[in-house]
Amino acid sequence: MDNVLSVEKLTKTYATGFAALKGVDLSIRRGEIFALLGPNGAGKTTLIGIVCGLVRASGGKVTVDGFDIAQDYRSARKKIGLVPQELATNMFETVWNTTVFSRGLFGKKANPAYVEKVLRDLSLWDKKDDNIRALSGGMKRRVLIAKALAHEPEILFLDEPTAGVDVELRRDMWEMVRKLRESGVTIILTTHYIEEAEDMADRIGVIDKGEIILVEEKHALMRRLGQTRVCVSLTRKLDAIPDGLFDLPLTLSPDGKSLSFTQAGEEAERGKDAGLARLLKNLLARGVDFASVQSSQSSLEDIFIDLVGKSR
Amino acid sequence: MNYSAVRAIYLFELARTWRTLFQSIASPVLSTALYFIVFGGAIGPRMQPIDGVPFAAFIVPGLILLAVLTESVSNASFGIYLPRFTGTIYEILSAPVSAFEVLLGFVGAAATKSVLLGLIIFATARLFVSFELVHPFWSFGFLVLISVTFALFGFILGLWADGFEKLQIIPLMVISPLTFLGGTFYSIDMLPPLWRNVALFNPIVYLVDSFRWAFYGIAAVGPAISLALTLTMLVTCIVVVVVIFKTGYRLRT
Ligand SMILES: Nc1ncnc2c1ncn2[C@@H]1O[C@H](COP(=O)(O)OP(=O)(O)OP(=O)(O)O)[C@@H](O)[C@H]1O
Ligand SMILES: [Mg+2]
């Protein structure tokens with residue numbers, strides 16, 4: 001597999017003595033969208049900070065497309081665009097100037113047509129001559145994205161890009177992320193909105209207390225750890241689970257009026273709901289009438305809470 | 001060498017001056033003009049010429065330096081402190097630039113402003129008093145050298161400071177008093193022997209002295225020692241900056 005970023009045994013202990021990263025290993029594939037999830041203080045921003053040159057690693061090695069971030073920092077950093085978690089903007093600059101500045105800083109030749117395209121894609125074109133301080137928070141976030149894209153990075157870090165951003169802008173933003181991915185940009189994002197990661201990501205990494213506890217293909221993860229739950233509401237109360245069905249993963253609600261059937265994602269795939277069919281046939285055969293059948297699938301959020309909860 | 005980055009930082013910093021034109025240029029020019037009116041115009045005619053130079057002309061080099069020193073320090077310190085304070089420094093830290101390039105951009109811009117300011121004050125002074133330069137080349141040379149040195153010093157200050165008070169306190173409480181006492185309005189030869197010796201511990205005495213030598217060819221201590229001292233300060237500042245960047249002090253956690 002072609003890795004565009006590789007992190008090996010990365011550690012970070014802050015001056016306070018706090019160990020924010022405890023030996024992180026991570027490989028990011030070229031062209032993927034990778035979602036790094038983790039609770040507050042897990043070390044996501046620290047990890048991104050080290051890769052981008054804002055934080056000094058205490059130990060370990062990071063290479064960006066083969067370039068070591070310490071020895072070959074120029075080649076490494078040229079490839080990276082960063083949208084930081086904190087909104088930090090040059091308030092008295094115009095949108096246009098600040099974006100052109102970013103491009104210059106990364107050693108790229110001026111290219112007004114490209115900068116225009118970036119601003120247009122982010123719906124910032126009509127604001128290009130506005131002072132940044134006159135923009136709303138969501139607009140400022142877009143300016144940070146424009147700055148990060150100004151030097152045509154191959155890898156884009158988005159550290160909680162959707163925090164404090166309204167629904168519409170969020171949709172636009174993800175639309176843009178998809179387009180960037182199509183153009184070959186690798187995207188590494190963090191978010192506390194797990195459903196966004198579920199929508200967007202190719203792979204998911206979970207970090208907790210400075211350790212990566214999981215890295216997996218999203219679909220595989222959902223299949224492996226996700227659950228399908230079917231709830232059958234009965235018209236009449238049952239006293240016990242009907243015999244002949246004991247082998248199925250069934251639970252009867254305390255009031256005896258609903259049966260729920262839970263299957264791990266993988267089993268559900270494999271069994272193709274054979275168990276459910278058996279349950280329903282059995283109930284019909286016994287004359288147990290039911291009012292409704294509802295099925296629900298666990299979200300990445302449930303999986304995430306389960307994972308992080310376990311390690312507490 | 002990432003020239004494009006140096007250029008970007010340099011122009012960005014100059015643009016900041018343009019936005020704060022009044023603060024950066026107009027206000028030092030105004031206060032210097034006031035000095036000329038009070039000391040040059042009102043008091044000057046009643047004073048004896050010093051070493052053959054009329055008092056109003058005598059104070060010109062010192063007044064130029066007073067503005068140049070304080071503005072170099074505050075411009076450069078503010079230039080680097082502001083992005084640290086607002087967090088926009090992240091972009092510079094994540095960019096493919098070396099410490100030297102960052103320094104060149106920030107210090108170059110601050111020094112450019114100071115040199116321009118010095119020239120503007122020089123021109124303003126000519127409106128009030130007439131004088132001829134004995135060593136125009138050296139005058140300009142010293143102006144550039146001193147601007148760069150103090151901009152570097154300001155850059156260090158801006159890295160070290162963790163609040164706005166600290167930024168203001170050094171120019172206000174250290175640079176200004178030392179410049180006033182550094183022979184702007186008198187020759188240190190006019191001091192009683194004890195105080196003359198004390199004054200020799202004030203580095204700015206040498207700067208004013210050599211700058212005045214470049215203007216009028218008169219000197220209390222002589223330009224060679226001043227030049228050596230300025231260069232020593234310059235090198236010291238460069239070394240400190242290199243150490244700061246090597247250790248990531250106050251920049252990278
Ligand atoms: N400069 C610092 N000095 C000391 N400790 C720090 C510093 N920066 C971060 N930390 C600590 O390191 C840990 C990881 O912080 P980090 O910002 O990487 O978390 P995060 O995963 O990005 O969290 P969030 O979701 O809240 O953004 C936290 O416990 C934080 O308090
Ligand atoms: Mg964070």
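Just so you know, these numbers come straight off a predicted model, no measurement behind them. Numbers restart at 1 for each chain; the letters A, B, ... are given by sequence-line order, proteins then strands.
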Within this structure, what is the [atom1]-[atom2] distance for the pair [X] and [Y], rounded to the nearest 0.5 Å?
X        : Y       : atom1 : atom2 : value
A/Asp159 : B/Tyr90 : CG    : OH    : 11.5 Å
A/Ile48  : B/Ser94 : CD1   : OG    : 12.0 Å
B/Phe12  : A/Glu93 : CZ    : CD    : 4.5 Å
A/Leu54  : B/Leu93 : CG    : CG    : 6.0 Å

Interface moiety of B/Leu82 toward chain A, non-hydrogen atoms closer than 4.5 Å: neither
Between [X] and [Y], what is the shortest heavy-atom contact and its length?
X        : Y        : answer
A/Arg74  : B/Asn2   : NH1-CB, 3.5 Å
B/Pro96  : A/Tyr73  : C-CE1, 4.5 Å
A/Phe106 : B/Glu91  : CE1-O, 4.4 Å
B/Ala8   : A/Gly104 : CB-C, 4.0 Å

Interface residue of largest heavy-atom contact number with chain A, from B/Leu11, B/Ile89, B/Val6, B/Ile9, under 4.5 Å: B/Ile9
Residues that A/Phe34 engages under ring-ring contact (aromatic ring centres under 6.0 Å, His included), provided they are two or more places apart: none
Residues which pass ring-ring contact (aromatic ring centres under 6.0 Å, His included) with A/Phe157, listed by chain and number, not counting sequence neighbours: none
Atom group of A/Ser102 that falls short of 4.5 Å from chain B, counting heavy atoms: both
A/Lys108/B/Ser4 under side chain to side chain contact (heavy atoms under 4.5 Å, CB included): CA gap, chis, key distance, verdict: CA-CA 7 Å; A/Lys108 282 268 183 178; B/Ser4 150; over 6 Å; no
Heavy atoms of other groups near [X] [atom1], more than 12 under 6.0 Å:
X        : atom1 : result
A/Trp96  : CH2   : yes
B/Phe128 : CZ    : yes
A/Tyr114 : OH    : yes
A/Tyr14  : OH    : yes

